[in-house]
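Here's the structure we're looking at; comments come further down.
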There are 2 protein chains.
Amino acid sequence: MRLSARSEYGLLALVDLTTAPGGSPVAAREIAERRGIPPAFLEQLLADLRRAGIVRSTRGAHGGFALARGASAITALEIVEALEGPIVPSVCMPNECDREGGCAAATVWTDVAGAVRDALGGFTLARLAEDQSRLDRAPLTCTPRRNT
Amino acid sequence: MRLSARSEYGLLALVDLTTAPGGSPVAAREIAERRGIPPAFLEQLLADLRRAGIVRSTRGAHGGFALARGASAITALEIVEALEGPIVPSVCMPNECDREGGCAAATVWTDVAGAVRDALGGFTLARLAEDQSRLDRAPLTCTPRRNT
DNA sequence: TACCATTCTGACCCATGTTGTCAGGTATCA
DNA sequence: TGATACCTGACAACATGGGTCAGAATGGTA
């Protein structure tokens, strides 16, 4: 029962973008270095976030990424779903279960999915960036599971 | 963001045990056949559930498994945690994050974990069994992701 | 126009986890 | 004593996740 590192990296990168001054784009490599994220991997994530309309990109020299909307209009739910697909805690969901009426387990998974969506939807990127800057002045280096 | 088939199978098997008459033990193979669960795999799950104190087993002829407690005293949370380990949605949880104060992402994962635990804790095995018998009279055959 | 910075895309690799299977051991009852 | 059924550990096949790499496309800048 866990989210992948994609969500972790994505949230960190977007918090980074939120604190970037003005609307000037930030290069992926710059974010990657600051946050300790593998650069090539981060590019993939940013591409997904762009396709989801969360981020906009400008190519060429002095290009990079910037938020497509205000940070208070972006929720953690959007980010996670953009990076991991829809929140579906099990294979046997109501409409995919072999049984017509669904089985009792399906109602459990539906409730869990709703709870997760509610929890994630309660966080805006603006709040996260605020929390972050309150947590520390030093550069953020939350580096989960780096293989040495 | 999903639970594995272990939880699915475990819930189905325990619902099956709940509706078993009296306290007489039910053989694992019997449950497996009725629910369409691979027998040897189910044995592993039942062993985990026994170690978690959710189920008690009696060996030998006419042996089998039965609930260790009343069905209203067993929650879906217990079952899922027994089969999949603790609900930890990400690697970077408060106490495991490299940063001392934790990063902003950690608070998100903590909230999500709490929401999932609450949702799962809201379901008792008794309610699930009741839901199930209300859903159908026919034998339950919720068979997720059978290969062919 | 030529060059460079940067995004973009797809293919690929490796480690790990999931979903089982199998063989044999052990306890209990008839 | 034999049949039944749990118990345990090893193992195999497959899917997924995490990450790398090469190269193409695009747009600023000199």
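Per chain, numbering begins at 1; letters A, B, ... match sequence-line order.
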Rounded interatomic separation in angstrom, taking [atom1] from [X] and [atom2] from [N]:
| X | N | atom1 | atom2 | answer |
| --- | --- | --- | --- | --- |
| B:Arg56 | C:dA27 | CZ | C1' | 17 Å |
| B:Tyr9 | C:dT19 | OH | P | 8 Å |
| A:Arg29 | C:dA5 | CZ | P | 9 Å |
| B:Leu83 | C:dG17 | CG | C1' | 16 Å |

[X] side chain near [N] phosphate (N/O to OP1/OP2, under 4.0 Å):
| X | N | answer |
| --- | --- | --- |
| A:His62 | D:dT29 | yes |
| A:Ser57 | C:dT6 | no |
| A:Thr58 | D:dG27 | no |

If you pin A:Arg6 and A:Ala61 to their nearest nucleotides in DNA chain D, which one's is more 5'? A:Arg6
Calculate, to the nearest 0.5 Å, the distance between atoms [atom1] and [atom2] belonging to [X] and [Y] respectively.
| X | Y | atom1 | atom2 | value |
| --- | --- | --- | --- | --- |
| A:Asp111 | B:Leu120 | CG | CG | 9.0 Å |
| B:Ile79 | B:Ile54 | CD1 | CD1 | 5.5 Å |
| A:Leu49 | A:Leu42 | CG | CG | 8.5 Å |
| A:Ile37 | A:Tyr9 | CD1 | OH | 7.0 Å |

Are B:Leu3 and B:Leu83 side-chain neighbours, meaning at least one heavy-atom pair lies under 4.5 Å? no
Does B:Leu14 reach the side chain of B:Val55, with side-chain heavy atoms less than 4.5 Å apart? yes
Let's test your reading of the model: under 3.5 Å, does the base of D:dA25 pair with the side chain of A:Arg59 as donor and acceptor? yes
So, with a heavy-atom separation below 4.0 Å from DNA chain C, the residues of residues 73-81 of chain A are none
So with a 6.0 Å cut-off around CZ of B:Arg69, is the heavy-atom count from everything else above 12? yes
Taking N or O atoms only and anything under 3.5 Å, show me the protein contacts with nucleotides 12-14 of chain C, one pair per line.
none

To check you understand the geometry: which heavy-atom pair defines the closest contact between [X] and [Y], and what is its length?
| X | Y | answer |
| --- | --- | --- |
| A:Asp16 | A:Arg34 | OD1-NH2, 2.7 Å |
| B:Ala129 | B:Val15 | CA-CG1, 4.2 Å |
| B:Pro25 | B:Gly64 | CB-C, 3.5 Å |
| B:Glu43 | B:Ala28 | CG-CB, 4.1 Å |

Considering only side-chain heavy atoms of B:Phe65, which listed nucleotide, D:dT20, C:dT7, D:dC6, is closest? D:dC6
Is there a residue in residues 39-52 of chain A whose heavy atoms reach under 4.0 Å of DNA chain D, and which residues are they? A:Ala40, A:Phe41, A:Gln44
